[in-house]
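For the single chain, residues carry numbers from 1 onward in sequence order. Values below: every heavy atom of this structure, side chains too, minus hydrogens, waters and symmetry copies.
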Amino acid sequence: NNTEQKLEQQKARYIENALIERELQMQTLIQSTPDAVFLKDGQGRMMIINEAGVKLFDLQHVNYYLKTDLELAQEVPSRREEFEYCTRTD
């Protein structure tokens, strides 16, 4: 009935807002830490790198999203050794 539909819609909005809030909290935590943070998917592709990580690996002008360490080694030759090391150890 109409009341049940409204309740389900309210519940869905509440869940969506809670997920958005959690995402913002995670982004704030990741970006505010002074340590480099790298989040990769199951295939080793970069999903998130915080500002400390971007600076550490000279990625300011690189689109790192969904790239592997080996792909990034090609794009940032000055950090090739570090990216190759990450490939071996991650």
Side-chain angles (χ1 to χ4, degrees):
N1 80 28
N2 197 23
T3 303
E4 288 178 15
Q5 286 178 334
K6 286 182 180 180
L7 286 174
E8 285 300 315
Q9 289 172 348
Q10 288 176 339
K11 182 179 176 182
R13 279 195 298 275
Y14 175 81
I15 291 170
E16 182 179 359
N17 288 337
L19 289 172
I20 290 169
E21 180 65 25
R22 179 61 54 104
E23 174 69 20
L24 291 171
Q25 290 170 343
M26 291 296 293
Q27 285 293 333
T28 299
L29 175 65
I30 289 167
Q31 291 302 331
S32 66
T33 184
D35 298 321
V37 175
F38 302 86
L39 296 177
K40 299 178 183 180
D41 68 8
Q43 284 87 36
R45 298 175 300 188
M46 297 291 179
M47 301 295 289
I48 297 172
I49 304 175
N50 70 349
E51 189 61 30
V54 167
K55 288 178 183 177
L56 179 67
F57 280 87
D58 297 328
L59 297 170
Q60 292 87 342
H61 304 290
V62 175
N63 179 6
Y64 61 81
Y65 187 70
L66 295 179
K67 292 187 180 169
T68 65
D69 290 321
L70 290 179
E71 291 169 324
L72 291 171
Q74 293 174 349
E75 292 200 37
V76 188
S78 64
R79 296 289 186 221
R80 177 178 295 279
E81 285 186 39
E82 290 93 333
F83 282 119
E84 289 175 350
Y85 178 80
C86 289
T87 298
R88 291 189 307 272
T89 61
D90 284 357

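- With contacts defined as side-chain heavy-atom distances shorter than 4.5 Å, the pair L7/E4 does not qualify.
- Rounded to the nearest 0.5 Å, atoms CG (D90) and NZ (K40) are 3.5 Å apart.
- Rounding to the nearest 0.5 angstrom, the gap separating the CG atom in L39 from the CG atom in N50 is 8.5 Å.
- When all heavy atoms of Q74 and R80 are compared, the closest pair comes out as CA-NH2, 3.9 Å.
- Here CD of E23 is found 9.5 Å from OG1 of T28. Values are rounded to the nearest 0.5 Å.
- Two residues are said to be in side-chain contact when any heavy atoms from C-beta on lie closer than 4.5 Å; M47 and Y65 meet this criterion.
- A continuous path of hydrophobic side-chain contacts links F83 to V54 [ILVMFWY only; heavy atoms under 4.5 Å].
- The distance from the CG atom of D69 to the CZ atom of R79 is 13.5 Å, given to the nearest 0.5 Å.
- No side-chain donor-acceptor contact under 3.5 Å links Q5 and Q9.
- With F57 as reference, F38 is the one residue of F38, Y64, Y85 to meet the ring pair (Phe, Tyr, Trp, His ring centres under 6.0 Å) rule.
- Q27 has its side chain within reach of I48: a pair of non-hydrogen atoms, C-beta onward, lies under 4.5 Å apart.
- Nearest heavy-atom pair across R45 and Q43 is NH2-OE1, 3.1 Å.
- Rounded to the nearest 0.5 angstrom, K55 NZ and I49 CD1 are separated by 14.0 Å.
- Contact of the L66 side chain with the M46 side chain is not registered, since no non-hydrogen atoms from C-beta on lie closer than 4.5 Å.
- Taking a 6.0 Å sphere around CD of E81, one finds it holds 12 or fewer heavy atoms contributed by other residues, nucleotides or ligands.
- How far CG of D58 is from CG of L72: 11.5 Å, rounded to the nearest 0.5 Å.
- Inter-residue side-chain proximity for T68 and T87 is flagged as unmet; no heavy-atom pair is nearer than 4.5 Å.
- Of all heavy-atom pairs between L59 and G53, the closest is CD1-O, 4.5 Å.
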